[in-house]
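Please read the structure below before turning to the comments.
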Amino acid sequence: MATIQLQVVSPEKQICDKEISMLIVRSTGGELGILPRHAPLITGLIPHAMRIKSDGQESLMAIAGGFMEVTPTKITVLASAAEEPEQIDVNRAQAAYARAKQRIEAFKAAPAQNEDIDIDRAEAALARAKARLIATGTSFN
């Protein structure tokens with residue numbers, strides 16, 4: 001089976017460097033499936049749990065957004081933050097999710113009284129927390 005090299009890098013460190021059979025990501029333009037010998041591509045990534053397929057197995061990795069460059073032989077993900085499921089503190093992710101959701105609901109209920117809430121920042125925090133929870137297989141509401 002053909003493979004493609006995947007490198008995932010964050011500002012802190014290299015998270016992943018391995019041969020895979022397929023990568024499924026959410027880009028700013030929609031969901032993409034990347035296979036070996038894919039056409040060259042550069043795209044932005046939104047916060048999500050990207051799906052990595054290799055050796056007949058599928059794993060997840062939480063991405064907080066960033067960019068991806070694809071060549072026929074290599075995928076490079078430059079993520080603002082990236083975590084494998086075993087690195088994620090589920091309790092912290094659940095607390096971040098609940099806090100962001102509460103702030104968004106408060107803003108929507110009374111925008112004039114909650115001018116201090118940065119709605120864009122709260123929605124970004126919610127998306128990051130959601131990606132982390134999905135990567136760990138934890139449910140959320």
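Excluded from the calculations below are hydrogen atoms, water molecules and symmetry mates; all remaining heavy atoms, backbone and side chain alike, are included.
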Separation between [atom1] of [X] and [atom2] of [Y], rounded to the nearest 0.5 Å:
X: Lys130; Y: Glu123; atom1: NZ; atom2: CD; result: 11.0 Å
X: Asp89; Y: Gln94; atom1: CG; atom2: CD; result: 9.0 Å
X: Ile4; Y: Thr71; atom1: CD1; atom2: OG1; result: 6.0 Å
X: Glu105; Y: Lys108; atom1: CD; atom2: NZ; result: 8.5 Å
X: Leu32; Y: Ile24; atom1: CG; atom2: CD1; result: 10.0 Å
X: Ile15; Y: Lys13; atom1: CD1; atom2: NZ; result: 5.0 Å

Looking only at non-hydrogen atoms, find the nearest pair between [X] and [Y] and report the distance.
X: Cys16; Y: Lys18; value: SG-CG, 3.7 Å
X: Ala100; Y: Ala122; value: CB-O, 3.6 Å
X: His48; Y: Val25; value: NE2-CA, 3.5 Å
X: Ala82; Y: Ala79; value: CB-CB, 4.0 Å
X: Ala62; Y: Arg132; value: CB-CA, 3.9 Å
X: Pro36; Y: Ser21; value: CD-O, 3.2 Å

With hydrophobic residues grouped by side-chain heavy-atom distances under 4.5 Å, do [X] and [Y] end up in a single group?
X: Phe67; Y: Leu41; result: no
X: Ile34; Y: Val8; result: yes
X: Leu35; Y: Met61; result: no

Quick check: do [X] and [Y] have side-chain heavy atoms less than 4.5 Å from each other?
X: Ile119; Y: Arg121; value: no
X: Tyr97; Y: Leu126; value: yes
X: Pro40; Y: Pro72; value: yes
X: Thr3; Y: Ser54; value: no

### Task
Count the heavy atoms of every other residue, nucleotide or ligand shown that sit under 6.0 Å from CD of Gln113, and state whether that count exceeds 12.
no
### Task
Please indicate whether Gln57 has more than 12 foreign heavy atoms, meaning atoms of other residues, nucleotides or ligands, lying under 6.0 Å from its CD.
no
### Task
Please assess Arg51 against Leu60 for the test side-chain contact (heavy atoms from CB on, under 4.5 Å), listing each intermediate value before the final yes or no.
CA-CA 5 Å; Arg51 296 167 42 200; Leu60 298 172; 3.4 Å; yes
### Task
Show your reasoning for whether side-chain contact (heavy atoms from CB on, under 4.5 Å) applies to Thr73 and Gln5.
CA-CA 6 Å; Thr73 60; Gln5 187 69 27; over 6 Å; no
### Query
For the side chain of Thr43 and the backbone of Met68, is there at least one donor-acceptor N/O pair under 3.5 Å apart?
no
### Query
Hey, which of Met50, Glu83, Arg128 is the one that makes side chain to side chain contact (heavy atoms under 4.5 Å, CB included) with Ile63?
Met50
### Task
Could you walk me through whether Ile75 and Ile20 pass side-chain contact (heavy atoms from CB on, under 4.5 Å), step by step?
CA-CA 10 Å; Ile75 304 166; Ile20 65 167; 4.2 Å; yes
